[in-house]
Amino acid sequence: MSQHLFLSLVIVAISPLPGGFQHSDVSPTQENPADLDCGLPEPSSRIVGGSDVQPGSWPWQVSLHQGGGHICGGSLIAPSWVLSAAHCFIRNGTLEPAAEWSVFLGVHSHDGPLDNIQVHAVAAILVPDNYSRVELGSDLALLRLASPARLGPGVRPVCLPRASHHFAHGKTCRATGWGDVQEADPLPLPWVLQEVELRLLGEAACQCLYSRPGPFNLTFQLLPGMLCAGYPEGRKDTCQGDSGGPLVCEDGGRWFQVGITSFGFGCGRRNRPGVFTAVAPFEAWIQEQVMGSEPGPAFLSQAQKSQAGPQEPRENCTIALPECGKAPRPGTWPWEAQVMVPGSRPCHGALVSESWVLAPASCFLDPPLDLEAWRVFLPSRPGPERVAHFVAHENASWDDASGLVLLQLSAPVNLSAAPRAVCLPHPDHYFLPGSRCRLARWGRGEPAPAPGAQLEAELLSGWWCHCLYGRRGASVPPPGDPPHALCPTYREEEEAGRCWNGSSWSLLCREEGTWFLAGIRDFPSGCLRPRAFSPLQTHGPWISHVTQGAYLEDQLIWDWGPEGDETETQTCPPHTEHGACGLRPKAIAAGVLWPWLAEVHVTGGRVCTGILVAPGWVLAATHCILRLGATTVPYIEVYLGRSEASPLPQGHQVSRLVISIRLPRHLGLGPPLALLELSSRIEPSPSALPVCLHPGGVPPRDSCWVLGWKNSQDRVPVAATVSILTPRLCRCLYQGILPPGTFCVLYAEGQEDRCEVTSAPPLLCQTEGGHWVLMGMAVRGSRELFTAIGPEEAWISQTVGEAHFLNPGGSPYWPPGGSDLCPPDLAGDSGSPKATPLFLLLLAVLIQG
Ligand code: 4AZ
């Protein structure tokens, strides 16, 4: 952290000077308590959203060092006493040794005048007995210096308020420190002390803000002895490294320390003001600790003119709403910025603050030389803006399509209804599955191909998005971890099926009416669906570091649903070389339970079961599709995306025409399987995803299902549990009638009538990896016999190109099952065996054996 560097630089800077900055050995000041002049800064004269202080303006500010670096702030309250926060000195429940700490006085910056700097050892650290954790209050500490400070210009004590001293809410006070300038963004060199104006918030107003669920759904109970300062809208605050430092308010011409920087939820966040230890209530404790010390701290009485409590205006509970991301009409984005660079097409970016526009680096082919000629067009502005600075993401090379750049406008613009900044997500933002999103132009994006409604999209769950694109067995990032990709799925699948080649888009997602720039996709995406967007939240810290004022907003909706409760790590089933297949999580938003199950509507009203085996291909049983004696090729339509209970909203269903029927040549006249070529591809989504294909050999032992419809009228999908019989048992049962490449199944008790057979239902198994594989399609008129797809692998792979045949796992052969003789009573001489209870029992025993 920068604090560490801070000390090193201070030491480097002061070491050549003759001996003046060693632990001070000067004798105590001659001033007596009555003379101790407090709270008066030199006449000459971070904190989030603050500014550099003038040297000498806050002469009581101290920097507390441990292990060679700045850790916390503090304030000089008497020549031998420094006030700070307890939490700075307690690690794992124990107070750290005083000898490890040094107190730096009179520091302004690394560059500042050094002649006032004093470094003192610490003789004792005192913390209230009842201090345990910051959130429980009493977060204060007193440090007794080993030698008293020499008071003079740049080193003076602050005044302390009496217990009765009242500071009116709404009063503007100052906090000072060398802490981070944003969350996780250290104060840059040369570490000039920062100050920020903060307003005192009354207890009711602060509690009202902290009672609203905020980041991670957290709320907080303000306790006696705490006070809040800041603003409902955030943006100005103390931050890490400021702790222990003073919050001072002026009263009667002197500065009183009203608070000690203690904690907060993040820094500068909306509705999360900084929490301070109130100093006045601890008068007695402080007096007790410093008793006998001469001179002691100056507790001064409240100046007469100060308002008393009852005259204060009543505070109302003002919750701040986001200042970013409001769009009156989706599609007309008030943050849309068009960057015009001479000699090239306009580049679309987004306004992220008063002064900064975010855009893809790919718009700007070369490092810019002449920013003078650049112009930025923003909505509702009378003319174009000029560009003052160009900052590229550290990782962006000039041809790196995912790179970002920030353009600083030469003058800030007033933010109102338009232009307005878009909200940016914090790194831990979790866009809920099902969030409503839209695409917006980004980079050299083409205009939308049709009316705005087509750009409406819904976010897929992390599981789907990650597993569709993720690697084999990859683990899915839990909610709150930055996702690798965001995948929106389109509701108007049909029209949007047209390709937007050469387009690049950003993904805007809405939470409670506020739009976030959630992701960017900066390369031609062709027709691939779902489009995966690179999440912007990983770039939030960089954007906020450069702009010092971009609108990073907390998540506004906190229902993490079942996915959020999932504690075990989720992993993706293995992929084939063509991507994901056979994914079917337990619960999905869209409600499509069997995303590969297709309805194949054939001329004449017949409906057959089909299975999506690749984005452009459906497999079906030939006998269902082509009726004997038919002389014309039928007109066939395929529908996918039906849910189990009821048809989904229109948007989730997709349909395609069949443009050709392919049959394997080698099987002569009656091939059992047919491949249907679709008029256009159906890209993977939770409502339409190809199944994996079984390459032959031993099928998975358990979890096999015949998947069909309860009846062929309403076509509600149903599944019947079955076991696949060994070839030997199958031959015994179906002696004489078993076509080659056929296998047979045994239904679990009571399951055999679940699906009707005229639609030729498929047989699927779930593998140990969790994904679903197609084993075969029903033989005409049979419930128990299925044509295996394994033997057709070569034909299917050649025809389809992207068929998801799994690698043969385990043994390609059934284990030898004893003798070749059939068990007694099973070697029927007729066709279908009788399923008597005795027969089923015997089979069950044989299968398990
Ligand atoms: C800290 O970690 C800290 N925004 C101090 C103050 C605040 C947050 C964190 C208040 O020292």
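Atoms within each ligand, like the ligands themselves, are counted from 1 in listed order.
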among protein heavy atoms, the one nearest atom 11 (O) of ligand 1 is S243 OG, 2.5 Å
Counting heavy atoms under 4.0 Å, the part of F265 that contacts ligand 1 is neither
Distance col, row R270:CZ vs L321:CG, nearest 0.5 angstrom, shows 6.5 Å
Here the atoms of ligand 1 under 4.0 Å from any heavy atom belonging to D237 are 4 (N), 10 (C)
### Task
Report yes if G266 has an N/O atom closer than 3.5 Å to an N/O atom of ligand 1; otherwise report no.
yes
- Task: Please verify whether a non-hydrogen atom of T238 lies at under 4.0 Å from ligand 1.
- Result: yes
If we number the atoms of ligand 1 from 1 as shown, the ones under 4.0 Å from a heavy atom of G264 are 7 (C), 8 (C), 10 (C)
Requested in this report: Taking the six-membered ring for Trp and the full ring for Phe, Tyr or His, determine whether the centres of F263 and H87 are under 6.0 Å apart.
Outcome: no
Closest heavy-atom approach to atom 5 (C) of ligand 1 among G241, C72, G244, C239 is made by C239
* Please determine if H87 has a nitrogen or oxygen closer than 3.5 Å to a nitrogen or oxygen of ligand 1. => no
Which of L222, N271, V275 passes side chain to side chain contact (heavy atoms under 4.5 Å, CB included) with Y210? Answer is V275
So that I can tick it off, tell me whether D37 and R254 are bridged by a salt bridge, with the cut-off set at under 4.0 angstrom between side-chain N and carboxylate O. yes
Quiz prompt | Distance-only polar pair, side chains of N130 and S138, donor-acceptor under 3.5 Å | solution = yes
- prompt: With a distance cut-off below 6.0 Å to the six-membered ring centre and an angular limit of 45° from the axis, does R162 pair with F256 as a cation-pi contact?
  reply: no
